Amino acid sequence: MTLSGKRILLIIGGGIAAYKCLDLIRRLRERGAAVRCAMTSAAQEFVTPLAVGALSADHVFTELFDRQDEHDVGHIRLSREADLLVVAPATADLMAKMAHGLANDLASTVLMATDKPVLIAPAMNPRMWRHPATRRNRAILEKDGIRFVGPAKGEMAESNEAGEGRMAEPLEIVAAIEALLDGAPKPLAGRRIIVTSGPTHEPIDPVRYIANRSSGKQGHALAAALARLGADVRLVSGPVAIADPTGATTTHVETAEQMLEAVEANLPADAAVFVAAVADWRTDTKTGQKIKKEAGKGPPALQMVENPDILSTVGHHAKRPKLVVGFAAETQNVVDNARAKLAKKGADLIVANDVSHDSGIGAAGVMGGDRNRVRIVSAEGVEEWPEAGKDEVAARLAALIAERLASA
Ligand code: CTP
């Protein structure tokens, strides 16, 4: 019961993703949390207060001026009698109200009146999420200390559009809540740590690109684990389909060159961990037009050029962090290859994945899968870790990084 005794005020906004809140309430209560809910009037168009009340086993608050509610629990008390406020789904409208201090209904008033941490799970149409107004509001909210979980990329419920804007899944929101409410020690407080994650996409022309199977799961899990230990995490992520991890500041990039630029923009840092599967090459063609298939011409010859090695650049940088960690995907001579990489790339540690078929997980299993088996290679030697979930590997690696930085 990881949330035993915790009181969560869940503010449900008016979006189709509101239905996921029913599951969220259940998941939170399973973990021992007391969940009290407030719904905007738009939210009640998507789920009924009856269903929300049945699952939360509490009165559901819907009105700012409700004689019954005011008499019983006013909006000030509502906002103070919680350990955490969670807004899910956080619509563009709710975000705008929060950013600008509007308080014209129960939800927005409670959010203005609170002195408790606030976590929001945005959900909206991808165009609305990309709109400059939403971007401005997001920046304001981040500056105000509001924490975000998601949104993720995916299909939108109401249209055939895909893109960023889908609400984080209930279990991701639960994980973000657990991370926010845990009172564990913060050995990485005050440390800035850069993490790269995911694949890169190298364009061939405006519609085609070269990519790889990296899902970003290991890098994102590490970013979250480092944030849980109190680090100021700067995640630079290639294109992935998973939500930004809670507690980290995420920059989204597409290509290796953009990734390097975003990493350098975050220097100086105390540590940098390069989990991303960066494409080693990009095409040299600088074409703004789609390459056409022409009869008799045959396939185009793609001229490739090498991408910058981000790990190696930072490993030899004038602003090199105290601790530089790389990853290596190997199928043979895992340790020897990792050792060679240490020296060549200027890293202190290499986390070597055995992606060979007989590792039991295999390349297809590690890349995109949920489990990993790694060896930690450093000048001091090799440490073999048992196969585990990527979250567990991340937690252990975060602890090792904390230890290394403490003794550096
Ligand atoms: N890396 C990087 N920039 C690149 C290529 C790799 O930062 N352009 C980083 C990766 O994030 C990872 C490590 O370098 O930390 C992996 O190095 P790489 O030389 O690509 O090794 P492998 O993927 O193991 O492959 P190989 O040695 O077989 O090329």
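The model shown is predicted, which means the values in this text are computed figures rather than measured ones. Each ligand, and each atom within it, is numbered from 1 in the order the structure gives.
One side chain, His220 or Ser197, offers a donor N or O that lies under 3.5 Å from an acceptor on the other. No hydrogens or angles considered: a donor-acceptor pair under 3.5 Å links the side chains of Asn104 and Lys97. Side chains of Ser108 and Asp105: a donor-acceptor N/O pair is present below 3.5 angstrom, by distance only.
Ionic pairing of Arg234 and Asp232 is present here: one or more N-O contacts between side-chain nitrogen and carboxylate oxygen are shorter than 4.0 angstrom. Ionic pairing of Arg36 and Glu81 is present here: one or more N-O contacts between side-chain nitrogen and carboxylate oxygen are shorter than 4.0 angstrom.
Within 4.0 Å of ligand 1, protein heavy atoms belong to Phe274, Ala276, Val278, Asp280, Pro308, Asp309, Ile310, Leu311, Gly326, Phe327, Ala328, Ala329, Glu330, Lys341, Lys345, listed by chain and number.
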**Study point:** Worked verdict on Val118 versus Val87 for side-chain contact (heavy atoms from CB on, under 4.5 Å)
**Key:** CA-CA 8 Å; Val118 178; Val87 186; 4.3 Å; yes
